[in-house]
Amino acid sequence: MRRVQRGLREGGAMAAARDPPEVSLREATQRKLRRFSELRGKLVAPGEFWDIVAITAADEKQELAYNHQLSEKLKRKELPLGVQYHVFVDPAGAKIGNGGSTLCALQHLEKLYGDKWNSFIILLIHSGGYSQRLPNASALGKIFTALPLDIPECSCKTSCIIQSILDSRCSVAPGSVVEYSRLGPDVSVGENCIISGSYILTKAALPAHSFVCSLSLKMNRCLKYSTMAFGVQDNLKKSVKTLSDIKLLQFFGVCFLSCLDVWNLKVTEELFSGNKTCLSLWTARIFPVCSSLSDSVTTSLKMLNAVKNKSAFSLNSYKLLSIEEMLIYKDVEDMITYREQIFLEISLKSNLI
């Protein structure tokens with residue numbers, strides 16, 4: 001029996017050695033996604049899923065967005081049923097990190113369930129950050145980033161369209177992801193792009209390796225829009241301490257100082273929000289505020305293409321925000337409404353087919 005077990009282990013190890021790590025990871029992920037899909041909308045038995053799913057939020061706006069999305073997903077039977085879902089807000093003030101957030105979540109659970117919570121199987125998901133690596137998920141939460149309606153094999157040879165409406169004449173190159181967006185017939189998306197929450201009906205060409213994400217804003221009680229746009233390889237977390245060092249920052253692979261010249265922006269402390277000794281693309285006030293979602297996307301694409309084509313595009317006449325400020329002014333209710341409109345339209349079309 002020992003020899004059989006040893007042979008099985010060795011055979012498995014040899015098979016694993018033959019398969020590249022990314023293949024094994026992809027297959028494991030596919031199995032988990034299929035299993036999760038089987039549990040969606042079903043009343044789970046004890047031990048089949050977690051008893052409690054607790055999600056942390058950075059502020060009250062995120063809490064509102066998370067609770068709303070949980071409610072809608074439960075109505076649509078997109079989540080397992082018979083599970084207690086909770087959203088806990090991190091304390092106001094300085095960020096406490098995952099460790100502090102965990103302790104706060106445990107305190108909330110103890111208040112809700114007393115000593116009983118010790119016997120529960122609990123999934124704690126930290127989603128309270130503003131997500132440097134996934135800026136498109138910053139406003140409404142990376143935990144709620146949608147999966148495709150089916151579960152395709154991951155491949156850089158295909159594009160991935162998630163809850164979006166695209167004209168049949170629109171072109172999306174391989175390796176690109178489009179989520180919660182509307183793209184018209186004269187829109188072309190280059191390779192390895194990420195497009196999120198955008199509305200593009202006019203003729204537009206998105207350069208390869210570009211990132212475009214639109215947010216609804218509430219400013220002085222008025223609804224506005226702003227679209228962040230940069231290269232997918234840009235390091236938003238890299239910072240410098242002085243204005244003279246911003247030449248060390250890069251936007252779409254181009255010296256940030258050169259980009260400011262293209263946009264006709266002056267190098268001053270007012271160019272950055274927040275801590276003036278921590279200057280980065282995250283705090284740079286370079287993204288225009290517009291009255292409509294489509295204008296917002298179009299304007300940000302112009303500034304992006306100006307850098308790529310080395311042609312001038314002045315931003316002087318616009319109110320400009322940093323990504324940091326966009327997240328402060330975010331209007332989660334409007335963004336949720338926009339997503340739901342797309343979802344309903346897609347559902348209606350599916351029912352008519």
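Here the structure is a predicted model, which is why all the values come from computation and not from measurement.
Here the two rings, on F88 and H86, have centers that are under 6.0 Å apart.
Looking at T227 and S214, their side chains do bring a donor and an acceptor atom within 3.5 Å of each other. S322 and S273 share a donor-acceptor pair across their side chains, judged by distance under 3.5 Å alone. Remark: the N309 side chain and the S311 side chain contain no N/O donor-acceptor pair separated by less than 3.5 Å.
Nearest heavy atoms, I336 versus A65: CD1-CA, 3.8 Å. Looking at every heavy atom in both residues, F343 comes nearest to R76 through CE2-NE, 3.2 Å. The nearest pair of heavy atoms linking S210 to V232 is O-CG1, 3.7 Å. Taking both residues in full, the closest heavy atoms of E269 and K276 are given as O-NZ, 3.0 Å, listed atom of the first, atom of the second, then distance. Taking all atoms of both residues into account, the shortest heavy-atom contact from F252 to P207 is CZ-CB, 4.2 Å. Across all their heavy atoms, T283 and E324 have their closest contact at CG2-OE1, 3.9 Å.
Side-chain atoms of K77 never come within 3.5 Å of backbone atoms of K73 as a donor-acceptor pair (strictly under, hydrogens ignored). With hydrogens and angles ignored, the 3.5 Å screen pairs a side-chain donor or acceptor of S181 with a backbone N or O of G197. Judged by distance alone, with hydrogens and angles left aside, the side-chain atoms of S196 form no donor-acceptor pair with the main-chain N or O of C213 at under 3.5 Å. A donor-acceptor pair under 3.5 Å is formed between the side chain of S226 and the backbone N or O of P288. Checked by atom type and distance alone, the side chain of W263 never pairs as donor or acceptor with a backbone atom of A312 at under 3.5 Å. Checked by atom type and distance alone, the side chain of S296 never pairs as donor or acceptor with a backbone atom of S294 at under 3.5 Å. At distances below 3.5 Å, at least one donor-acceptor pair connects side-chain atoms of K330 with backbone N or O atoms of L327. A distance-only check finds a donor-acceptor pair linking the side chain of K247 to the backbone of S244 [under 3.5 Å]. Side chain of S37 to backbone of L33: a donor-acceptor contact under 3.5 angstrom is found. Put simply, the side chain of N192 never gets that close to the backbone of H209: no donor and acceptor are under 3.5 Å apart.
Contact check for F272 versus L243: side-chain heavy atoms found under the 4.5 Å cut-off. The closest side-chain heavy-atom distance from L206 to L304 is not below 4.5 Å. The closest side-chain heavy-atom distance from I346 to Q163 is below 4.5 Å. Side chains of C193 and V212 form no contact here, defined as non-hydrogen atoms less than 4.5 Å apart. At least one side-chain heavy atom of I162 sits under 4.5 Å from a side-chain heavy atom of C160. Between Q250 and Q233 there is no side-chain heavy-atom pair separated by less than 4.5 Å. Between I165 and Y199 the shortest side-chain heavy-atom distance does not fall below 4.5 Å. At least one side-chain heavy atom of I286 sits under 4.5 Å from a side-chain heavy atom of F256.
Contact check on R35 versus E48 returns a salt bridge, with a Lys/Arg side-chain nitrogen under 4.0 Å from an Asp/Glu carboxylate oxygen. A salt bridge does not link D186 with K203: every distance from a Lys NZ or Arg NE/NH1/NH2 to an Asp or Glu carboxylate oxygen is 4.0 Å or more. Ion pairing between D59 and K61 fails under the 4.0 Å rule for side-chain N and carboxylate O.
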ring-ring contact (aromatic ring centres under 6.0 Å, His included) assessment of Y338 paired with Y180: CA-CA 8 Å; Y338 177 68; Y180 308 114; 8.6 Å; no
Stepwise side-chain contact (heavy atoms from CB on, under 4.5 Å) check, F49 with D51: CA-CA 6 Å; F49 197 69; D51 301 310; over 6 Å; no
Stepwise side-chain contact (heavy atoms from CB on, under 4.5 Å) check, Y85 with I52: CA-CA 6 Å; Y85 296 94; I52 295 174; over 6 Å; no
Evaluation steps, side-chain hydrogen bond (donor to acceptor under 3.5 Å, both in side chains), between D245 and T242: CA-CA 5 Å; D245 286 333; T242 64; 3.0 Å; yes
Residue pair E27, T29: steps toward the side-chain contact (heavy atoms from CB on, under 4.5 Å) verdict: CA-CA 5 Å; E27 290 176 349; T29 301; over 6 Å; no
Worked verdict on L215 versus M335 for side-chain contact (heavy atoms from CB on, under 4.5 Å): CA-CA 7 Å; L215 270 66; M335 284 185 281; 4.0 Å; yes
Criterion side-chain hydrogen bond (donor to acceptor under 3.5 Å, both in side chains) on H68 and E340, from CA distance to verdict: CA-CA 11 Å; H68 183 94; E340 289 181 346; 2.7 Å; yes
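L123 and F36 fall within a single hydrophobic cluster, where Ile, Leu, Val, Met, Phe, Trp and Tyr are joined by side-chain heavy atoms under 4.5 Å apart, directly or via other members. Linking Ile, Leu, Val, Met, Phe, Trp and Tyr whenever their side-chain heavy atoms come within less than 4.5 Å leaves I328 and L279 in two separate clusters. Under the 4.5 Å side-chain heavy-atom criterion for ILVMFWY residues, no single connected hydrophobic cluster contains both V89 and L106. Tracing side-chain contacts under 4.5 Å through hydrophobic residues (I, L, V, M, F, W, Y), one never reaches L124 starting from V83; they form parts of separate clusters.
The one candidate from I55, D90, T56 that meets the side chain to side chain contact (heavy atoms under 4.5 Å, CB included) condition with H126 is T56.
To the nearest 0.5 angstrom, L79 atom CG is 6.5 Å from L70 atom CG. Atoms CG and CG, on N264 and N316 in that order, are 4.5 Å from each other to the nearest 0.5 Å. The SG atom of C222 lies 11.5 Å from the CG atom of D331; values are rounded to the nearest 0.5 Å. Distance check: L293 CG to S198 OG gives 6.5 Å after rounding to the nearest 0.5 Å. Atom CZ of residue R182 and atom OG of residue S164 lie 9.5 Å apart, to the nearest 0.5 angstrom. We find the OG-CZ distance between S258 and F251 to be 12.5 Å, quoted to the nearest 0.5 Å.
More than 12 heavy atoms of other residues, nucleotides or ligands lie within 6.0 Å of CD in E345, so this atom counts as buried by the packing criterion. Within 6.0 Å of atom OH in Y329, 12 or fewer heavy atoms from other residues, nucleotides or ligands are found, so the atom counts as exposed in its surroundings. Within a 6.0 Å radius of NZ in K319, no more than 12 heavy atoms belonging to other residues, nucleotides or ligands are found.
In this structure, F230 and F211 have parallel ring planes: the angle between them is below the 30° cut-off, well short of the 60° mark.
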